[in-house]
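Quick caveat: nothing in here was measured; it's all calculated off a predicted structure. When a residue number appears, it is its place in the shown sequence, counting from 1.
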Amino acid sequence: MSDRIFALRLFVRVARGGSFSVAGRELGLSQPSVSRIVSGLETEVGAALLTRTTRAVTLTEAGADYLARIEPILAALDEADHAARGSGELRGLLRVGVAASFAIRQIIPRLPGFMDRHPGLRVEMTMTDQRQNLVAEGVDVALRFGTLADSSATARKIGVSHRMLVASPAYLERAGVPATPAELPSHSIIVGPAALAGFTFQREGREASVHLKGRLVVNVNEAAATAAIAGLGIACLGRWGCREEVSQGTLVQILPDWSLGPMDVNAVFAAGRAAKPAARAFADYLARNLSGL
């Protein structure tokens, strides 16, 4: 790898990680060496790309513009290298954005097959239930459920997630088991990432819509499951997010004859730049291996 390309890749890692030392550890370099290489790049460019303080390393306005311009170029180089090798083996760094619970329960257990196939690839997983700005946060591919808010992003459907209502046996013994969707407003509702204020249920061609006001609102799926187990009310969860608890009896499915309708699982790539070969391959792998959600 040429010194200039290495410096560019190093700058990207510093910019995305906000740290010279973190970037150095990734590449086996000392913090002073990283700082020296990036400073040399700034001298060649003729502009300050980073602002350095004792607390953090942040992009300057020129640095943010430079980062946005060079990342597609580096991605194109990766694409060319990948095509030239012809082996299908991927290298470099793949940044994945995914909801924490989905990553822990579904994605990480499926990773060995993908990473064994590509031993030269590093995967950095950012686990959050909040939607990320893919460009600003340097995410190569994000996994998202349901309707996509950013219509400019490139997306690929890789699976389908089915939702269900669940509650603990203790809650149902205390509050009763709802027999129809119309009875739900009288219950304590836990609102999490998989839930919406309004639910439309389907059964044998009939629809029933109800508006539910959450007594407890959480922004992490795992917290909604934990709250339901604790007896705080009825939660709407992806089947993948409570399958074990239902099979063990710590949670009970409510209204099993009524369907909430499936939610698409999408692999989303940042708008305005070509997807990395590793990001496309990861989406392909999940599309083949995600089932029964």
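Residues L216 and V220 fall into different hydrophobic clusters, defined by Ile, Leu, Val, Met, Phe, Trp and Tyr side chains chained together at heavy-atom separations under 4.5 Å. V96 and V22 fall into different hydrophobic clusters, defined by Ile, Leu, Val, Met, Phe, Trp and Tyr side-chain heavy atoms under 4.5 Å apart, directly or through other members. No continuous path of ILVMFWY side-chain contacts below 4.5 Å connects V160 to W240, so the two sit in separate hydrophobic clusters. Grouping the Ile, Leu, Val, Met, Phe, Trp and Tyr side chains by contacts below 4.5 angstrom, directly or via other members, places L67 with I5. There is no path of hydrophobic side-chain contacts, each under 4.5 Å, that joins I73 to V38.
Summarising the geometry of V98 relative to L143, their closest heavy-atom pair is CG2-CD1, 3.9 Å, with the distance given to 0.1 Å. Nearest heavy-atom pair, L251 versus A225, reported as atom, atom and distance to 0.1 Å: CD1-O, 4.5 Å. When all heavy atoms of A167 and I254 are compared, the closest pair comes out as N-CG1, 4.2 Å. Shown here for L260 and C236, the closest heavy-atom pair between the two residues is CD1-SG, 3.9 Å. Considering every non-hydrogen atom in both V166 and C242, the closest pair reads CG1-SG, 4.0 Å.
Side-chain atoms of S161 never come within 3.5 Å of backbone atoms of M263 as a donor-acceptor pair (strictly under, hydrogens ignored). Not a single donor-acceptor pair under 3.5 Å links the side chain of R156 to the backbone N or O of A267. A distance-only check finds no donor-acceptor pair linking the side chain of K276 to the backbone of R95 [under 3.5 Å]. Under the 3.5 Å distance criterion, the side-chain polar atoms of T60 are matched with a main-chain donor or acceptor of A48. T51 places no side-chain N or O within donor-acceptor distance of the main-chain N or O of L59, the cut-off being under 3.5 Å. At least one donor-acceptor pair under 3.5 Å links the side chain of Y171 to the backbone N or O of S188.
Residue R110 qualifies as enclosed at atom CZ: its count of foreign heavy atoms under 6.0 Å is above 12. Heavy-atom contacts from other residues, nucleotides or ligands closer than 6.0 Å to CD of Q202 number more than 12. When the shell of 6.0 Å around CD of Q31 is examined, it contains more than 12 heavy atoms from other residues, nucleotides or ligands. In Q253, the CD atom is crowded: over 12 heavy atoms of neighbouring residues, nucleotides or ligands sit closer than 6.0 Å.
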Q. After noting the C-alpha distance and the side-chain angles of V139 and V268, does the key distance pass the side chain to side chain contact (heavy atoms under 4.5 Å, CB included) rule?
A. CA-CA 10 Å; V139 175; V268 182; over 6 Å; no

Q) Passes side chain to side chain contact (heavy atoms under 4.5 Å, CB included), R206 versus W258? Steps please. A) CA-CA 10 Å; R206 292 184 295 145; W258 292 84; 4.2 Å; yes

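For the atom pair CZ of F201 and CG of L184, the computed distance is 5.0 Å after rounding to the nearest 0.5 Å. Atom CG of D3 and atom CD1 of I37 lie 8.0 Å apart (nearest 0.5 Å). The distance from atom CE of M125 to atom CD1 of I108, rounded to the nearest 0.5 Å, is 5.5 Å. We find the CZ-CG distance between F114 and N289 to be 10.5 Å, quoted to the nearest 0.5 Å. Put simply, CZ on R13 and CD on E124 are 9.0 Å apart, with the number rounded to the nearest 0.5 Å.
Salt-bridge formation is detected for the pair R4/E44: a Lys NZ or Arg NE/NH1/NH2 atom is positioned less than 4.0 Å from an Asp or Glu carboxylate oxygen. Ion pairing between a basic and an acidic side chain is recognised when a charged N comes within 4.0 Å of a carboxylate O; R69 and D65 show such pairing.
Applying the salt bridge (Lys or Arg N to Asp or Glu O under 4.0 Å) rule to R52 yields the partners E42; only residues at least two apart in sequence or on another chain are considered.
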